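Each chain gets a letter, A, B and so on, in the order the sequences are listed, and its residues count up from 1. Worth saying up front: this structure is predicted, and the values here are computed from it rather than measured.
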There are 2 protein chains.
Amino acid sequence: MSSDPALTTTSYAILGLLSVRPWSTYELAQQMDRSLGRIWPRARSKIYEEPKKLVRHGLARAERQLVGRRPRTVYAITAEGRETLAAWLREPGDGPVLECEQLLQVFFAESASPADTLATVRAARAWAVERNRGNLAAARDYQAGEGPFPERVAQLLLVGRFLTDYYRLVAEWADWAAELVERWPDDLRDAPVAAEHFAETVRRAEWSDD
Amino acid sequence: MSSDPALTTTSYAILGLLSVRPWSTYELAQQMDRSLGRIWPRARSKIYEEPKKLVRHGLARAERQLVGRRPRTVYAITAEGRETLAAWLREPGDGPVLECEQLLQVFFAESASPADTLATVRAARAWAVERNRGNLAAARDYQAGEGPFPERVAQLLLVGRFLTDYYRLVAEWADWAAELVERWPDDLRDAPVAAEHFAETVRRAEWSDD
DNA sequence: GACATATGGTCCCATAGGGAGTATAAGGCA
DNA sequence: TGCCTTATACTCCCTATGGGACCATATGTC
């Protein structure tokens, strides 16, 4: 339909939201902040650009409205958009990408003081508590039958469970790590070799041995 | 020291590797593929650019060597580099960033067939098995006292445990999700409301309630 | 001697992050 | 009534990043 840049996964994320209902760009940005951004985080500026690309590809329609004297644009998916979305869903996408500056800092802990590393590990726990708060609130809403998209509850349950377990994992790891770091000497080369901790790690990883 | 672009977290990742020992750029790229890339994934082209930036900032030294007629560059950290690294380690960095196209596809499962979603969930499990393989092998090496950096075993244990539990989480989630998806009707709005699954999710998220 | 694979890189462009900047609308309060 | 704050509704720009294409030499194997 055009020689426009090809669709990216971010395009499909926006297209997916439009398949649920029409949104203004501002609402799309909010939605990314509050929910979709937890599994597909993107900068605000991109959220405002993507719908325009979808329109150029014929996958969405833009409707200009007026709120007082201020214009706003509401986007809706087209039939071709629904087909394109379905085609994307037919091919499993990439697996999870993890990127964690805090883990990087733990990885290079020998160049820091144990106190610094402890602070980093505690920051990881605080992050998990904060993220868990919003996720728990959303889960309780749906449990009470009060979520905004009751017809999507089956899908949301799957994603919500992943996030719940993920935040929990970060917190439990941080607690365990903090206990170890508290007993670290200043020179990490002198740290006691934690044979049983390694054995436990290996045990936990052996699930994939058939 | 310069009006060069500022250091990024990727700069510190490379600087950290240089604090362990000198590496050629090719070795750095390999190291990112095999180990550091699991917590800070970056494109190869960037790995070749970063050390040059470190040199411009006075944080690393480059030594040109010859292997036959072919030149290669080996980078080593400077005293200023060690100070800069330590300063970065003093401030806890950003928390984990998760980005998962597969979860996005599950999120929009009402536009796919249950069979498509099942394939996506199975792809997630396969991803976890694959990632776990390398991680388990490394853990076993260190457990046997055969890892390449025995003096770094304390830090590596912490990061290794995080990854172990993370891959396990993905696999267990995928198994659980597959069971549910297998019972999905074609129209997801007719899917049975899984009250007990929501209750279980809420229970698992309640760890942060004080 | 031929060929595959490992080593050691450079270059380019579209995508992405993220902050600064610009306006208007709506709601609260004095 | 007017003022102030917050929400709505965007645009622009600069640098970082992803990732593939491309190039060359060295080493190991048959």
Side-chain angles (χ1 to χ4, degrees), chain A residues 2-15 22-34 36-37 39-57 62-75 93-95 97-99 101 104, chain B residues 2-14 22-34 36-37 39-57 62-75 93-95 97-101 104:
Chain A
S2 71
S3 58
D4 243 280
L7 299 178
T8 64
T9 301
T10 304
S11 313
Y12 291 109
I14 300 295
L15 192 57
W23 309 78
S24 75
T25 339
Y26 184 79
E27 288 172 320
L28 285 172
Q30 273 195 324
Q31 207 57 26
M32 291 299 279
D33 278 357
R34 292 191 193 144
L36 247 204
I39 55 176
W40 198 258
R42 283 304 176 263
R44 232 153 204 281
S45 54
K46 296 300 132 190
I47 307 310
Y48 278 91
E49 285 166 19
E50 282 302 334
K52 299 178 184 173
K53 188 157 98 180
L54 294 178
V55 169
R56 288 196 302 271
H57 280 263
E63 191 196 341
R64 307 283 289 183
Q65 301 179 340
L66 275 184
V67 182
R69 286 184 302 140
R70 190 176 52 183
R72 72 169 193 164
T73 315
V74 173
Y75 292 90
D94 291 339
V97 172
L98 171 71
E99 180 178 290
E101 187 174 13
L104 208 52
Chain B
S2 68
S3 57
D4 242 282
L7 299 178
T8 64
T9 301
T10 304
S11 312
Y12 292 110
I14 300 296
W23 308 79
S24 75
T25 339
Y26 184 80
E27 288 172 320
L28 285 173
Q30 273 196 325
Q31 208 55 27
M32 291 299 279
D33 278 356
R34 290 188 195 146
L36 246 204
I39 53 175
W40 199 256
R42 284 302 176 266
R44 260 186 123 71
S45 54
K46 297 300 132 187
I47 307 310
Y48 278 90
E49 285 165 20
E50 281 302 334
K52 298 178 184 172
K53 187 157 99 181
L54 295 177
V55 169
R56 288 197 303 270
H57 281 263
E63 192 196 339
R64 307 282 291 181
Q65 302 180 341
L66 276 183
V67 182
R69 287 184 302 141
R70 190 178 52 185
R72 71 167 192 167
T73 314
V74 173
Y75 292 90
D94 290 339
V97 172
L98 171 70
E99 181 177 290
C100 183
E101 186 173 12
L104 208 52

Considering all heavy atoms, the nearest A:E101-B:G93 contact:
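Shortest heavy-atom separation between A:E101 and B:G93 comes out as OE1-CA, 3.5 Å.
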Closest non-hydrogen atom pair, B:I14 against B:P51
CG2-CG, 4.2 Å
Quick check on side-chain contact (heavy atoms from CB on, under 4.5 Å): which of A:R56, A:E49, A:E50 does A:K52 satisfy it with?
A:R56
Roughly how many Å is it from [atom1] in [X] to [atom2] in [N], rounded to a whole number?
{"X": "B:E49", "N": "C:dG8", "atom1": "CD", "atom2": "C1'", "answer": "15 Å"}
{"X": "B:K53", "N": "D:dT17", "atom1": "NZ", "atom2": "C1'", "answer": "11 Å"}
{"X": "B:Y12", "N": "D:dA16", "atom1": "OH", "atom2": "C1'", "answer": "15 Å"}
{"X": "B:Q65", "N": "C:dT7", "atom1": "CD", "atom2": "P", "answer": "15 Å"}
{"X": "A:W40", "N": "C:dG17", "atom1": "CH2", "atom2": "P", "answer": "9 Å"}
{"X": "A:W23", "N": "D:dC10", "atom1": "CH2", "atom2": "P", "answer": "15 Å"}
{"X": "B:R69", "N": "D:dA24", "atom1": "CZ", "atom2": "P", "answer": "12 Å"}
{"X": "A:I47", "N": "D:dT8", "atom1": "CD1", "atom2": "C1'", "answer": "17 Å"}

Does the D:dT8 base have a donor-acceptor partner in the side chain of A:R70 within less than 3.5 Å?
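Per atom types, the contact qualifies.
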Toward the 5' end of DNA chain D, which comes first, A:K46 or A:V67, by nearest nucleotide?
A:V67
Respond yes when some side-chain nitrogen or oxygen of [X] is under 4.0 Å from OP1 or OP2 of [N], and no when none is.
{"X": "B:T73", "N": "C:dG9", "answer": "yes"}
{"X": "A:R42", "N": "C:dG17", "answer": "yes"}
{"X": "A:T8", "N": "C:dA16", "answer": "yes"}
{"X": "B:Y26", "N": "C:dT7", "answer": "yes"}
{"X": "A:K52", "N": "D:dT11", "answer": "yes"}

Just checking [X]: base, sugar-phosphate only, or nothing, at a heavy-atom cut-off of under 4.0 Å?
{"X": "B:P51", "value": "nothing"}
{"X": "A:E50", "value": "sugar-phosphate"}
{"X": "A:Q30", "value": "sugar-phosphate"}
{"X": "A:T25", "value": "sugar-phosphate"}
{"X": "A:R44", "value": "nothing"}

Which nucleotide sits closest to the side chain of [X]: [options]?
{"X": "B:Y48", "options": "C:dG18, D:dT25, C:dG8", "result": "C:dG8"}
{"X": "B:R72", "options": "C:dG8, C:dG19, C:dA16", "result": "C:dG8"}
{"X": "B:S45", "options": "D:dG19, C:dG18, C:dT24", "result": "D:dG19"}

Look at the side chain of B:K53 and the backbone N and O of B:A6, then say whether any donor-acceptor pair between them is shorter than 3.5 Å.
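Judged by distance alone, yes, a pair lies under 3.5 Å.
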Checking the side chain of B:E63 only, and the main-chain atoms of B:V74 only, is there a donor and an acceptor separated by less than 3.5 Å?
no
Check the side chains of B:T9 and B:W40 for a donor-acceptor pair under 3.5 angstrom, ignoring hydrogens and angles.
no
